[in-house]
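See below for the structure under consideration.
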Number of protein chains: 2
Amino acid sequence: MSQQDTKERILDAAEGLFAREGFHGTSLRAITTSAAVNLAAVNYHFGSKDTLIEAVFERRLTPLNQLRLQRLEDVKQHAERIGGKPPTRDALAAFIEPTLQFRNACSGAEDFVVLVGRSLHEPDAALRNTFLQLMRPVFLCLFETLRQSMPGLSPNLLFWRLQFALGAMGHTLCWEGQMQSLSDLPHSVDPAPKTETLSDMLLSFICSGMEAP
Amino acid sequence: MSQQDTKERILDAAEGLFAREGFHGTSLRAITTSAAVNLAAVNYHFGSKDTLIEAVFERRLTPLNQLRLQRLEDVKQHAERIGGKPPTRDALAAFIEPTLQFRNACSGAEDFVVLVGRSLHEPDAALRNTFLQLMRPVFLCLFETLRQSMPGLSPNLLFWRLQFALGAMGHTLCWEGQMQSLSDLPHSVDPAPKTETLSDMLLSFICSGMEAP
DNA sequence: GTCTATAGATTGATAGAC
DNA sequence: GTCTATCAATCTATAGAC
């Protein structure tokens with residue numbers, strides 16, 4: 001087994017377990033057993049449990065954020081070219097759609113998306129800040145784009161509405177994983193809609209909320 | 001120190017630590033030290049760590065949910081009396097406002113509200129289900145009331161929009177605690193608005209999202 | 001009811017042979 | 001790079017004196 005293989009196997013196993021059991025609920029032994037590698041391999045390749053979770057975040061969040069930034073840039077440039085404002089829905093879609101579609105991008109990505117959804121509410125402050133630092137550039141770009149989309153909205157109100165939107169989105173990402181719960185209603189509810197359907201429902205909700213009177 | 005005192009002190013300390021450090025991130029030692037009681041007192045009074053967190057939830061969630069159910073009932077009865085539909089905003093307000101106002105109801109309630117916000121995303125399935133089971137009656141009542149408010153909306157779409165709303169609300173509750181993060185923007189943002197202001201912003205957002213075209 | 005003392009299991013991390 | 005063996009710390013829970 002090559003070094004590359006071992007590192008990847010650890011990252012894959014850690015990603016799944018952190019998403020399903022949480023960071024503090026996952027032991028290094030659980031990870032190495034699931035990855036079928038030796039216990040000492042984690043500390044050899046990643047240094048510590050804390051640096052391992054950083055590596056788990058960076059592996060997928062870096063390309064995902066690049067995708068989001070690219071799409072946001074496209075929306076802004078298209079608006080400039082036609083001399084108008086970037087449509088609110090397009091700006092939000094540039095942030096949301098790549099995330100939901102990422103689920104189908106590669107194997108194991110479903111786990112990662114759940115992990116992302118949970119990260120905003122992560123109790124461990126150090127871990128939460130690791131995530132937020134990686135997200136900061138995208139968040140700032142989204143904020144500035146939306147400023148152009150809705151120049152009449154005060155920065156404070158925009159900020160809070162964006163927080164509400166992030167909450168709605170994060171909750172949706174978690175749910176996609178496994179969060180069985182309130183769905184046993186006396187009505188027909190689809191607990192796992194197609195990515196495109198879910199994406200549209202979420203976008204419509206958030207878009208209307210952002211543009212509320 | 002009376003028995004009542006000891007139990008309450010443990011509940012108070014546990015509430016704060018669970019909210020700030022998470023369930024798995026909080027040890028019984030941390031709780032008993034913070035509460036200034038003996039380590040063995042937790043197991044004597046509550047049986048185990050798992051039953052302790054259940055007691056923490058129940059102590060405040062039972063009266064809070066009763067408040068929410070009462071307000072939902074009022075909204076429905078008022079609609080019946082005038083022979084109309086319960087207004088969407090009133091139904092949502094019956095669920096949201098008591099929660100946000102609960103922060104100021106008693107000391108320590110701020111911690112509890114953060115704990116609630118985080119519970120939907122709790123990785124520990126048993127813990128999450130404890131919370132969901134306590135919330136189920138209120139959730140069902142809210143769902144049925146909103147069914148009356150918006151009879152044109154399919155149950156499936158209503159369900160998902162309600163999930164988005166819960167996500168937005170949960171994120172807001174967490175934030176209220178301490179979640180410093182993305183707020184250092186090049187604009188003036190109020191990181192801790194008055195309860196009423198925040199409540200109005202959240203309600204307007206969710207209400208518009210629920211009634212999206 | 002409260003305390004001390006400790007059992008028994010699990011944790012993250014490392015030293016050293018191969 | 002991979003393995004075994006183990007350390008030192010921490011955890012929940014309990015037994016038994018007072």
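In what follows, chains carry the letters A, B, and so on, assigned in the order in which the sequence lines appear, proteins first and then strands, with residues in each chain numbered from 1.
Going from atom NE2 of A:H24 over to atom C1' of C:dG12 covers 12 Å, rounded to whole Å. Per the geometry, CG belonging to A:D50 stands 16 Å off P belonging to C:dT11, to the nearest Å. The interatomic distance linking B:I31 (CD1) with D:dC11 (P) rounds to 11 Å, in whole Å. Rounded to a whole Å, the CG atom of A:L52 is 15 Å from the P atom of C:dT11. Spacing between atom CG of B:N38 and atom P of C:dT2 amounts to 9 Å, rounded to whole angstrom units. Rounded to a whole Å, the CG atom of B:N43 is 16 Å from the P atom of D:dG16. Taking atom CG on A:L39 and atom P on C:dT10, their separation rounds to 14 Å, with Å as the unit. Taking atom OH on B:Y44 and atom P on D:dT14, their separation rounds to 14 Å, with Å as the unit.
Proximity note for A:T6 (side chain, C-beta onward) versus C:dT2, D:dT2, C:dA13: the nearest is D:dT2. You'll find that the side chain of B:H45 is closest to C:dT2, out of D:dA15, C:dT2, C:dT14. Residue B:A40 places its side chain closer to C:dT4 than to any other of C:dT4, D:dT4, D:dT6. Taking only side-chain atoms of A:S48, from C-beta outward, the nucleotide of D:dA13, C:dA13, C:dA15 with the closest atom is C:dA13.
Ion pair A:R59/A:E8 flagged as a salt bridge, since at least one NZ, NE, NH1 or NH2 atom sits closer than 4.0 Å to an Asp/Glu carboxylate oxygen.
A perpendicular orientation is assigned to the rings of B:H171 and B:W175, their planes being inclined by more than 60° (bins at 30° and 60°).
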* Candidate pair A:T172 and B:Q163, rule side chain to side chain contact (heavy atoms under 4.5 Å, CB included), full reasoning -> CA-CA 7 Å; A:T172 308; B:Q163 290 303 324; over 6 Å; no

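Counting any heavy atom pair closer than 4.0 Å across all strands shown, B:T32 reaches no nucleic acid atom.
When only modelled atom types and interatomic distance are considered, A:S204 and B:R161 share no side-chain donor-acceptor pair under 3.5 Å. Side-chain atoms of A:Q70 and A:D74 form a donor-acceptor pair, as typed in the model, at a separation below 3.5 Å.
Projected onto DNA chain C by closest heavy-atom contact, A:S27 and A:G47 fall at different nucleotides, the more 5' of which corresponds to A:S27.
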